[in-house]
Amino acid sequence: MANKQVVSFRLNGKDVDVAVEPRELLVHTLRERLLHTGPHIGCETSHCGACTVDVDGMSVKACTMLTVQCDGAQMLTVEGLEQGGVLHALQEAFHEQHGLQCGFCTPGMLTRAYRLLQENPDPTEDEIRYWISGNLCRCTGYQNIVKAVQAAARKLAAAQPA
Ligand code: FES
Ligand code: FES
């Protein structure tokens with residue numbers, strides 16, 4: 001294909017190089033070339049947030065970023081949350097608090113909540129709802145997602161050395 005260019009970034013702690021056309025969306029590169037199919041595609045208008053990943057310390061909707069913009073980036077997808085077979089506190093809490101049903105929004109919710117707790121380790125309910133307002137869910141009614149984020153925040157705080 002004409003005009004491909006090599007883009008290099010760090011994905012979940014591993015260096016990757018991909019050759020892409022300038023028009024290729026990050027979500028397609030992740031899913032189709034790098035086989036990270038956790039980030040999903042729920043819309044074509046940048047609303048749903050199912051494609052949310054973490055790029056250079058920001059929650060980014062990967063359907064609205066070009067892969068060529070990611071050269072040199074540090075990237076985290078839902079696949080990178082678990083470490084050595086141990087679920088991240090957020091993953092555990094979504095499970096325990098029933099913060100998912102079909103699971104389609106969940107990878108985006110998790111990466112978004114991950115960034116929230118990095119920036120605000122003790123968010124109020126209103127702050128959680130505001131922070132995930134770029135992430136739509138058709139199944140849960142959000143209530144248990146909020147509970148899950150609160151539970152994860154408590155777990156992470158309890159795990160901090162005093
Ligand atoms: S796929 Fe809906 S915001 Fe990215
Ligand atoms: S769990 Fe189905 S869309 Fe959120």
Side-chain angles (χ1 to χ4, degrees), residues 5 7 9-12 16 18 20-82 86-120 123-156:
Q5 83 189 57
V7 182
F9 51 88
R10 204 159 169 82
L11 175 61
N12 299 331
V16 297
V18 275
V20 296
E21 285 182 65
R23 65 177 181 154
E24 185 163 310
L25 297 172
L26 176 59
V27 72
H28 289 138
T29 303
L30 288 171
R31 291 178 52 82
E32 290 162 30
R33 296 189 194 281
L34 301 171
L35 307 182
H36 282 51
T37 55
H40 290 145
I41 301 168
C43 72
E44 295 184 336
T45 52
S46 306
H47 285 89
C48 76
C51 60
T52 304
V53 298
D54 203 80
V55 179
D56 288 335
M58 288 178 288
S59 290
V60 165
K61 293 180 175 180
C63 72
T64 198
M65 185 167 197
L66 298 168
T67 305
V68 291
Q69 294 176 287
C70 298
D71 203 42
Q74 296 278 343
M75 207 178 294
L76 176 83
T77 66
V78 70
E79 288 88 352
L81 281 179
E82 153 271 322
V86 179
L87 292 181
H88 187 278
L90 274 163
Q91 293 172 302
E92 230 173 49
F94 270 64
H95 170 65
E96 288 168 359
Q97 302 295 324
H98 308 288
L100 67 148
Q101 290 180 36
C102 78
F104 195 88
C105 72
T106 315
M109 285 289 183
L110 284 168
T111 43
R112 179 61 177 147
Y114 170 83
R115 180 48 45 197
L116 163 60
L117 295 185
Q118 294 289 305
E119 296 192 7
N120 181 355
T124 64
E125 174 173 348
D126 282 354
E127 285 170 336
I128 294 170
R129 288 183 182 276
Y130 179 74
W131 265 72
I132 62 166
S133 60
N135 293 73
L136 301 181
C137 176
R138 291 191 305 183
C139 305
T140 64
Y142 301 99
Q143 189 68 19
N144 287 352
I145 292 176
V146 173
K147 284 188 193 160
V149 177
Q150 288 171 320
R154 284 194 298 272
K155 267 183 212 212
L156 289 168

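We count ligands from 1, going down the list as the structure has it; atoms in each ligand are counted the same way. In what follows, every heavy atom counts, from backbone to side chain, and hydrogens, waters and symmetry copies are set aside.
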Peer 1: Quick check for you: within a radius under 2.8 Å, how many protein N, O or S atoms neighbour atom 2 (Fe) of ligand 2?
Peer 2: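 Count of protein N, O, S atoms less than 2.8 Å from atom 2 (Fe) of ligand 2: 2.
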Peer 1: How far apart are the C-alpha atoms of Leu76 and Val53, what are their side-chain angles, what is the distance that settles it, and do they pass the side-chain contact (heavy atoms from CB on, under 4.5 Å) test?
Peer 2: CA-CA 6 Å; Leu76 176 83; Val53 298; over 6 Å; no
Peer 1: Which pairs count as side chain to side chain donor-acceptor pair (under 3.5 Å) when at least one residue sits in residues 90-100, sequence neighbours excluded?
Peer 2: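 Sorted result for residues 90-100: Glu92-Lys155, Glu96-Lys155.
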Peer 1: So, does Asp56 use its side chain to make a donor-acceptor pair with the main chain of Ala73 at under 3.5 Å?
Peer 2: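 Side chain of Asp56 to backbone of Ala73: no pair is present.
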Peer 1: Just checking Arg33: does its CZ atom have more than 12 heavy atoms from other residues, nucleotides or ligands closer to it than 6.0 angstrom?
Peer 2: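 Yes, enclosed.
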Peer 1: Mind checking whether Phe104 and His40 have parallel, tilted or perpendicular rings, split at 30° and 60°?
Peer 2: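 Taking His40 first and then Phe104, their aromatic rings lie parallel (interplane angle under 30°).
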Peer 1: I'd like to verify the contacts: list protein N, O or S atoms under a distance of 2.8 Å from atom 2 (Fe) of ligand 1.
Peer 2: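 Result, waters dropped: Cys43 SG, Cys48 SG.
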Peer 1: Among residues at least two apart in sequence or on other chains, which ones pass side chain to side chain contact (heavy atoms under 4.5 Å, CB included) with Thr37?
Peer 2: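 For Thr37 the side chain to side chain contact (heavy atoms under 4.5 Å, CB included) partners, ignoring immediate neighbours, are Arg31.
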Peer 1: When rounded to the nearest 0.5 angstrom, what distance separates CH2 in Trp131 from CG in Leu117?
Peer 2: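 Rounded to the nearest 0.5 Å, the CH2-CG separation comes to 9.0 Å.
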Peer 1: Distance from Leu116 atom CG to Ile128 atom CD1, nearest 0.5 Å?
Peer 2: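 Between Leu116 CG and Ile128 CD1, I get 6.5 Å after rounding to 0.5 Å.
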Peer 1: Against Met75, only a single residue in Leu30, Asn12, Leu34, Thr111 fulfils side-chain contact (heavy atoms from CB on, under 4.5 Å); can you say which?
Peer 2: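 Only one of Leu30, Asn12, Leu34, Thr111 forms a side-chain contact (heavy atoms from CB on, under 4.5 Å) with Met75, namely Leu30.
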